[in-house]
There are 2 protein chains.
Amino acid sequence: MSNKKMEKSEEKCALQEILGVIGGKWSMSIIYALFPGKKRFSELERLVPNINTRMLVKELKNMETNGIVVRKVYATVPPTVEYTLTPKGQKLEPIISELYKWGLEYVG
Amino acid sequence: MSNKKMEKSEEKCALQEILGVIGGKWSMSIIYALFPGKKRFSELERLVPNINTRMLVKELKNMETNGIVVRKVYATVPPTVEYTLTPKGQKLEPIISELYKWGLEYVG
DNA sequence: CCGTATCCATTTGGATACTG
DNA sequence: CAGTATCCAAATGGATACGG
């Protein structure tokens, strides 16, 4: 949901583009939850505090579109869907971890 | 100032709190613009692409409240206001720089 | 289980005119 | 120059209903 209409405002600076990809209110928390490995939809719903179904779906789709996560569907009954980070998404680990540390020192 | 009262939403995870401080749509761009040193209000308005007055004021206030920036007013005519990063804000430099690099490699 | 869809309230963001 | 004030659009959240 980032690069929809850009004709108007010419160009966004790099940080703005990045935030369009991982700056969503829940993106980093979802990525953080995926660091240990693949997670099912319902697991993510549990792991990301206070998120609701609609927002989780929305952010996951956005992240899938932007190549941060991969969605894998298994034709089981009941259905199973697993989300994993792409290498591109995994490269965010040190950055988000540092941000997390910064927060522990200064925010919490 | 954390473990006081949070009955309603029980607890936000740390990342959510951090994003409340620097996750605003414009915060990182403003911080980035302030890395080289103090800037006046109008300079920031120029340096942060596409931001508008209201949002710049709002984000700066939020960041001042959260100890990221310092606002210094000079009683000149016309008025002069300078914004600088606090040490806490300066510690974000490596993190935002890494994020920027990540974006250059994967987004731009 | 994994979503989609809908209604509605609240929050946040944007454009721009105006002021000390 | 450095903001306020105002009005409006878009994003988000919560609850709930429903379907493959």
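Numbered from 1 within each chain, the chains take letters A, B, ... in sequence-line order. Note that the coordinates shown come from a computational prediction; the quantities given were computed from them, not determined experimentally. Just so it is clear, the values below take in all heavy atoms, side chains as well, and ignore hydrogens, waters and symmetry mates.
Put simply, the side chain of B:Ser97 gets close to the backbone of B:Glu93: a donor and an acceptor are under 3.5 Å apart. With hydrogens and angles disregarded, no donor-acceptor distance shorter than 3.5 Å links the side chain of A:Asn66 to the backbone of A:Ile68.
One atom, CH2 of A:Trp26, and another, P of D:dA11, lie 17 Å apart when rounded to the nearest Å. Spacing between atom CG of B:Leu19 and atom P of C:dT12 amounts to 13 Å, rounded to whole angstrom units. Whole-Å rounding puts the A:Met55 CE to D:dG14 P distance at 10 Å. Rounded to whole angstrom, the span from the CG atom of A:Asn52 across to the C1' atom of C:dC2 amounts to 15 Å. Remark: P of C:dT16 and CG of B:Asn50 are 13 Å apart, rounded to the nearest angstrom.
Separating the CD1 atom in A:Ile96 from the CD1 atom in B:Ile95 is a distance of 11.0 Å, to the nearest 0.5 Å. We find the OG1-NZ distance between A:Thr84 and A:Lys72 to be 6.0 Å, quoted to the nearest 0.5 Å.
In this structure, A:Gly24 and A:Thr53 both approach DNA chain D, and ranking their closest nucleotides by distance from the 5' end singles out A:Gly24.
Using a 4.0 Å cutoff on non-hydrogen atoms, the parts of residues 33-45 of chain A near DNA chain C are A:Arg40, A:Phe41, A:Ser42, ordered by number. The stretch residues 56-64 of chain B comes close to DNA chain D through B:Val57, B:Lys61, each having a heavy atom under 4.0 Å from the strand. Contact check of residues 68-86 of chain B against DNA chain D (heavy atom, cut-off under 4.0 Å) returns B:Arg71, B:Pro78, B:Pro79, B:Thr80, B:Val81, B:Tyr83.
Under the salt bridge (charged side-chain N to carboxylate O under 4.0 Å, His left out) criterion, A:Glu82 pairs with A:Lys38, sequence neighbours left out.
Under the side-chain contact (heavy atoms from CB on, under 4.5 Å) test applied with A:Met63, the options A:Val69, A:Val21, A:Ile22 reduce to a single match, A:Val69. Among the candidates B:Leu44, B:Leu47, B:Val48, B:Ile51, the single residue satisfying the side-chain contact (heavy atoms from CB on, under 4.5 Å) test with B:Ser29 is B:Val48.
Identified under the ring-ring contact (aromatic ring centres under 6.0 Å, His included) test for residues 69-105 of chain A, with sequence neighbours left out: A:Tyr32-A:Tyr100, A:Trp102-A:Tyr106.
Heavy-atom minimum distance, A:Lys25 versus A:Glu59: N-OE2, 3.5 Å. Looking at every heavy atom in both residues, B:Leu15 comes nearest to A:Met28 through CD1-O, 3.8 Å.
In this structure, the helix from C:dC1-D:dG20 to C:dG20-D:dC1 shows an angle of 50° between the axis at its start and the axis at its end, each fitted on 5 base pairs and rounded to 10°.
Electrostatic pairing of A:Lys101 and A:Glu98 counts as a salt bridge here, judged by a charged N lying under 4.0 Å from a carboxylate O.
Checking the phosphate oxygens (OP1, OP2) of D:dG13, a side-chain nitrogen or oxygen of A:Lys25 falls inside 4.0 Å.
Between the base of D:dG13 and the side chain of A:Arg54 there is a donor-acceptor pair shorter than 3.5 Å.
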